[in-house]
2 protein chains.
Amino acid sequence: MKVQDHQLQVPGLRMTKQRKEVYRALLENQDHPSASELHSYMQTTDSPMSLATVYNCLEAFVEHGAVKQVNIDREPTRYCENSVQHGHFHDQKTGKIHDVNFKNGMNVSDLLDLPLGTEISNIEITLKGSISN
Amino acid sequence: MKVQDHQLQVPGLRMTKQRKEVYRALLENQDHPSASELHSYMQTTDSPMSLATVYNCLEAFVEHGAVKQVNIDREPTRYCENSVQHGHFHDQKTGKIHDVNFKNGMNVSDLLDLPLGTEISNIEITLKGSISN
DNA sequence: AATTAGTTTAGAATTATTCTAAAAAAGACT
DNA sequence: AGTCTTTTTTAGAATAATTCTAAACTAATT
Ligand SMILES: [Mn+2]
Ligand SMILES: [Mn+2]
Ligand SMILES: [Zn+2]
Ligand SMILES: [Zn+2]
């Protein structure tokens, strides 16, 4: 997937050359990369940059809600550019992570018995398993 | 809460002195401790033991399904003795983690649009937020 | 242009966790 | 009990993801 330069915007965040290219990498290859995978990839582009910068960019995106972190056990954190609410399925055969959308109109509070007064700022749902066939 | 010695059993696992006492610590103080918190606590009991042993015991319990790991961002892994299916709520004001049960008869597949053929072996649901009042 | 504020960078530091290999404990058998 | 075998515990070293530091650079502002 090709992303135009003017689409590389994160509201409220100054888009430097490095941030643009990291964001482009996330949008163009939606494969939930880790910081170091992303860093390796950046080295192959015409915007090589340091690993610290990759971490700095990702942190900025997460703070601004444009990117989500995906935590799977103790594995390196992976990053997801899909900013609509969703969960993740970790296929143990392939190692790949797939986005899983919420069913229409459904909400975590339909699944869980939340104590009264609970105000949720972040939801992380991670499934592990395999796909038959 | 007091737990009798004969309740300190995990099916299929040899219960050594150390394993019994770590398991007892988890059952008696259900507060989702990290390995190092648990280690500090063990030092105050009459079964002080090494940090490596705490990790080894916890790993054995997790393998045997008696204990669940709780991953919250990059914080140290926390351990939960509640072996029925549930999620976790991380109260950002207090830092405490609370168990959140599934609503009666509800299932992740009621909330999420899982691709056909998906076989789930592990579910981790972690919410972050605060409680008003 | 000069000043200021924010960003990038290399490399060092941190730290949760895992590994190693030797000692201790537990189980099996006699 | 005593011997043999397997598993567990342990201290300390190693690993590796992430964060920190402080200097160089870039971008925005006056
Ligand atoms: Mn990639
Ligand atoms: Mn405790
Ligand atoms: Zn995703
Ligand atoms: Zn729990």
Side-chain angles (χ1 to χ4, degrees), chain A residues 5 8-25 32-43 45-64 66-80 90 95 97 126, chain B residues 5 8-25 32-43 45-64 66-80 90 95 97 126:
Chain A
D5 205 74
L8 298 171
Q9 292 298 330
V10 171
L13 188 63
R14 179 198 292 180
M15 290 310 269
T16 61
K17 179 163 172 292
Q18 289 86 348
R19 286 179 182 160
K20 271 192 180 153
E21 295 310 322
V22 172
Y23 197 42
R24 184 198 304 282
H32 300 89
S34 64
S36 100
E37 283 169 349
L38 212 33
H39 177 241
S40 296
Y41 172 73
M42 299 317 293
Q43 303 315 102
T45 70
D46 58 358
S47 294
M49 67 187 70
S50 74
L51 178 57
T53 298
V54 173
Y55 272 107
N56 289 343
C57 291
L58 292 170
E59 182 186 43
F61 299 155
V62 170
E63 271 171 8
H64 286 75
V67 162
K68 282 198 209 327
Q69 294 182 317
V70 183
N71 298 303
I72 295 187
D73 298 333
R74 286 277 101 190
E75 291 176 22
T77 301
R78 310 184 84 82
Y79 296 86
C80 174
H90 183 220
I97 293 172
T126 309
Chain B
D5 204 75
L8 298 171
Q9 292 299 328
V10 172
L13 187 64
R14 177 198 292 178
M15 291 308 270
T16 62
K17 179 162 171 291
Q18 289 85 348
R19 285 179 181 159
K20 272 193 180 151
E21 295 310 322
V22 171
Y23 197 42
R24 183 197 306 281
H32 301 89
S34 64
S36 100
E37 284 170 349
L38 212 33
H39 177 241
S40 297
Y41 173 73
M42 298 317 294
Q43 303 314 102
T45 70
D46 57 0
S47 294
M49 67 186 70
S50 75
L51 178 57
T53 297
V54 173
Y55 271 107
N56 289 343
C57 291
L58 291 169
E59 182 186 43
F61 299 155
V62 170
E63 272 171 6
H64 286 75
V67 162
K68 283 200 207 328
Q69 295 182 316
V70 184
N71 298 304
I72 294 187
D73 298 332
R74 287 276 101 191
E75 291 177 22
T77 302
R78 311 184 83 81
Y79 296 86
C80 173
H90 183 221
I97 294 172
T126 308

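Letters A, B, ... mirror the listed sequences (proteins, then strands); counts begin at 1.
- Annotation: the span from Asn71(A) atom CG to Thr77(A) atom OG1 amounts to 5.0 Å, rounded to 0.5 Å.
- Of all non-hydrogen atoms in Tyr41(B) and Ala25(B), the two that sit nearest each other are CE2-CB, 3.5 Å.
- Across the helix from dA1(C)-dT30(D) to dT30(C)-dA1(D), the helix axis at one end is tilted relative to the axis at the other end by 30° (nearest 10 degrees, each axis from five pairs).
- Between Arg78(A) and Glu37(A) there is a side-chain heavy-atom pair separated by less than 4.5 Å.
- With sequence neighbours left out, the salt bridge (Lys or Arg N to Asp or Glu O under 4.0 Å) criterion links Asp46(A) to no other residue.
- The interatomic distance linking Leu51(B) (CG) with dT9(D) (C1') rounds to 13 Å, in whole Å.
- Thr77(A) comes within 4.0 angstrom of sugar-phosphate atoms only, judged by non-hydrogen atoms across all strands, and of no base.
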Interface polar pairs with nucleotides 4-6 of chain C, N/O, under 3.5 angstrom:
none

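- Residue-level contact check: Thr53(A) touches the bases, meaning some heavy atom is under 4.0 Å from a base atom.
- Between Gln69(B) and Tyr79(B), some side-chain heavy-atom pair lies under the 4.5 Å cut-off.
- Between atom CE of residue Met49(A) and atom CG of residue Leu38(A) there is a gap of 8.0 Å, rounded to the nearest 0.5 Å.
- Of all heavy-atom pairs between Leu51(B) and Ala35(B), the closest is CD1-O, 4.0 Å.
- Within the structure, every side-chain polar atom (N or O) of Ser34(A) is placed at least 4.0 Å from both OP1 and OP2 of dA17(D).
- Spacing between atom CG of Leu58(B) and atom C1' of dA16(C) amounts to 13 Å, rounded to whole angstrom units.
- Listed nucleotides dT9(D), dT8(C), dT17(C) differ in distance to Cys57(A); the shortest reach to its side chain belongs to dT8(C).
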Between side-chain atoms of residues 53-62 of chain B and protein atoms elsewhere (two or more places apart, or another chain), which donor-acceptor pairs fall under 3.5 Å?
residue  : atom : partner  : partner atom : Å
Thr53(B) : OG1  : Ser50(B) : OG           : 3.0
Asn56(B) : ND2  : Ala52(B) : O            : 3.3

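- Each of dT10(D), dT19(D), dT17(C) was ranked by its minimum atom distance to the side chain of Gln18(B); first place goes to dT10(D).
- With rounding to whole Å, Arg74(B) atom CZ is found 20 Å from dT14(C) atom P.
- Note: CD (Glu21(B)) to P (dA25(C)) measures 16 Å, nearest angstrom.
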Produce the list of close N/O pairs, under 3.5 Å, pairing protein atoms with atoms of nucleotides 21-25 of chain D; give distances to one decimal.
none

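- Lys20(B) has its NZ atom 19 Å from the P atom of dT7(D), to the nearest Å.
- Of all the heavy atoms in Ile97(A) and His32(A), the pair that sits closest is O-ND1, 3.4 Å.
- Straight-line distance from the CG atom of Asp73(A) to the P atom of dA16(D): 18 Å, rounded to whole Å.
- Nearest-nucleotide mapping onto DNA chain D: of Met49(B) and Arg78(A), the residue sitting toward the 5' end is Met49(B).
- The line from CZ of Arg24(B) to CG of Leu8(B) is 4.5 Å long, rounded to the nearest 0.5 Å.
- In this view, Arg19(A) satisfies the salt bridge (Lys or Arg N to Asp or Glu O under 4.0 Å) rule with no residue, not counting sequence neighbours.
- No side-chain heavy atom of Gln18(B) sits under 4.5 Å from any side-chain heavy atom of Met42(B).
- A straight line from OH of Tyr55(A) to C1' of dA12(C) spans 15 Å, rounded to a whole angstrom.
- If you measure from atom CD of Glu37(A) to atom C1' of dA17(D), you get 13 Å, rounded to the nearest angstrom.
- Nucleotides of DNA chain C nearest to Glu59(B) and Thr16(B) differ in position, and the one nearer the 5' end is that of Glu59(B).
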